[in-house]
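Here the structure is laid out as structure tokens; the discussion comes afterwards.
Each residue takes its place number in the sequence, starting with 1.
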Amino acid sequence: AFMNELRGFKDLEQQVKQRLQLDHVVIVPGDSDELSWVKQEMGKACVRYMKGILRRDDTVAVTGGGTIAAVAEMMTPLEQAGNCLFVPARGGLGEQMENQANTICAEMAKKANGTYRLLYVPDPLSEESYQTIIEEPSIKEVLKIIRGAGVVVHGIGDATTMAERRKTPQEVIDTIQEGKAVGEAFGYYFNEEGSIVHKVRTVGIQLEDLQHTNCVIAVAGGKSKAKAISSYFNLGQSNVLITDESAAKELIKGS
Ligand code: F6P
């Protein structure tokens, strides 16, 4: 039965890979909506994948969220990839401390025996402050490193869940709901077709930057995130998905 299960996942991985047009898919057993250790398993799978691709002196940008926090939790020293630099992908995006990209980035760097640079900017920002802040020399320097990262590791969330978690102002929630947003990643909210419904104004990686990134790894699972995952991939910016069985089965429904 165990061997069947392994083979089963190979098929499922292949189907998800085709459906979402990805280079690589890893599926861990279970549903992370229901069991927290499934999230840790995705974390482990992501660390394993990162170890396979990271090279000396690489720069890795990471987003916030509980799933990427699990990747940091599971990180171990990167023996083959010394001196990697970790940076947050974007600003805090209104998350709690433990879910912020800065916090996760510092923890991941420490566990990997790498180094890190952090980003100190409030967000969301007004257009005026945004323009001033991105011209600040110390910020400009970190932003350049971030936008040039060779590897990006990011979460994907359900749009409504994320808008609520971030204490988003009511008028923005209205925009998100009227636009029928289902998914969120990097501060962008997407509808089912993958069109951008709303974008949080903050510094760091912008969706366009991902076209120049060697490897973009999405880590997201749980049945509740299936719609969010497929909406995000309609824009097709990541090459790799690390997910769980429940999300994967939901993703291939109707194919
Ligand atoms: O806020 C950062 C972020 O990566 C979002 O872009 C994403 O929607 C969310 O976190 C995922 O959070 P979690 O892994 O806790 O579901």
Side-chain angles (χ1 to χ4, degrees), residues 1-54 60 62-81 98-99 104 107-108 111-112 151-162 165 182-185 192 215-234 236-255:
F2 179 67
M3 283 315 286
N4 273 340
E5 192 156 81
L6 281 183
R7 204 165 314 124
F9 280 167
K10 285 273 161 280
D11 285 349
L12 195 53
E13 284 170 353
Q14 199 55 35
Q15 288 174 54
V16 173
K17 189 174 145 178
Q18 268 169 10
R19 168 59 76 108
L20 303 181
Q21 302 284 304
L22 296 162
D23 295 337
H24 194 72
V25 174
V26 182
I27 298 170
V28 306
D31 185 342
S32 54
D33 284 340
E34 318 225 312
L35 297 163
S36 65
W37 58 260
V38 178
K39 201 177 274 180
Q40 294 176 327
E41 286 303 313
M42 286 193 285
K44 260 191 225 164
C46 182
V47 168
R48 203 173 306 130
Y49 188 79
M50 287 169 78
K51 290 197 165 183
I53 57 148
L54 284 175
V60 185
V62 301
T63 70
T67 313
I68 308 303
V71 178
E73 192 191 331
M74 293 302 155
M75 185 52 79
T76 53
L78 295 170
E79 277 120 23
Q80 317 292 339
E98 63 277 16
N99 269 337
I104 293 169
E107 189 193 342
M108 204 183 287
K111 292 207 168 143
V151 177
V152 175
V153 183
H154 72 97
I156 300 172
D158 169 73
T160 308
T161 309
M162 289 315 297
R165 190 161 101 189
V182 292
E184 194 283 346
E192 246 174 43
C215 183
V216 186
I217 308 169
V219 196
K223 197 175 176 187
S224 67
K225 279 194 190 179
K227 269 212 171 100
I229 297 171
S230 65
S231 76
Y232 170 76
F233 279 104
N234 274 330
Q237 303 280 6
S238 306
N239 337 74
V240 180
L241 172 67
I242 308 215
T243 189
D244 62 21
E245 187 184 353
S246 254
K249 285 187 171 152
E250 201 63 25
L251 278 167
I252 58 155
K253 271 196 183 154
S255 61

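- Of the listed residues (K223, E245, E250), just one forms a side-chain contact (heavy atoms from CB on, under 4.5 Å) with D31, and that residue is K223.
- Here the closest non-hydrogen pair linking V216 and N239 is N-OD1, 2.6 Å.
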Q: Verify side-chain hydrogen bond (donor to acceptor under 3.5 Å, both in side chains) between K51 and T76, making sure each step is shown before the conclusion.
A: CA-CA 10 Å; K51 290 197 165 183; T76 53; 2.5 Å; yes
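- Between the CD1 atom in I252 and the CD atom in E13 there is a gap of 11.5 Å [rounded to 0.5 Å].
- The closest donor-acceptor contact from the side chain of T67 to the backbone of G155 lies at 3.5 Å or more, if one exists at all.
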Q. When you look at D158 and K227, which way does the side chain to side chain contact (heavy atoms under 4.5 Å, CB included) test go after all the steps?
A. CA-CA 8 Å; D158 169 73; K227 269 212 171 100; over 6 Å; no
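- Of all the heavy atoms in G66 and R165, the pair that sits closest is N-NH2, 4.3 Å.
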(Q) For a side chain to side chain contact (heavy atoms under 4.5 Å, CB included) check, start with the C-alpha distance between I242 and V71, then their side-chain angles and the critical distance, and finish with the verdict. (A) CA-CA 11 Å; I242 308 215; V71 178; over 6 Å; no
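- Side chains of M50 and M75 form a contact here, defined as non-hydrogen atoms less than 4.5 Å apart.
- A185 and H154 get closest at one heavy-atom pair: CB-ND1, 4.3 Å.
- The backbone N or O of G222 sits nowhere less than 3.5 Å from a side-chain atom of S246 that would complete a donor-acceptor pair.
- One distance of note links OG of S231 with CD of E184; it measures 9.5 Å at 0.5 Å rounding.
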Q: Begin with the C-alpha distance, continue with both residues' side-chain angles, and end with the deciding distance and a verdict on side chain to side chain contact (heavy atoms under 4.5 Å, CB included) for F233 and L251.
A: CA-CA 11 Å; F233 279 104; L251 278 167; over 6 Å; no
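- None of K44, Q40, M108 except one satisfies the side-chain contact (heavy atoms from CB on, under 4.5 Å) rule with E73; the exception is Q40.
- Taking every heavy atom of both residues into account, V26 and A45 meet most closely at CG1-CB, 3.9 Å.
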(Q) side chain to side chain contact (heavy atoms under 4.5 Å, CB included) for I217 and I53? Distances and angles first, verdict last. (A) CA-CA 11 Å; I217 308 169; I53 57 148; 4.2 Å; yes
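- By the 4.5 Å heavy-atom criterion applied to side chains, V25 and L20 are not counted as neighbours.
- Although no hydrogens or angles enter the test, the distance criterion places no donor-acceptor pair under 3.5 Å between the side chain of D244 and the main chain of K39.
- D23 places no side-chain N or O within 3.5 Å of a backbone atom of V240 that could act as its donor or acceptor partner.
- Nearest heavy atoms, A248 versus I27: CB-CD1, 3.6 Å.
- Nearest heavy-atom pair across C46 and V219 is SG-CG2, 3.8 Å.
- Looking at S32, its side chain never comes within 3.5 Å of a backbone N or O of V38 through a donor-acceptor pair.
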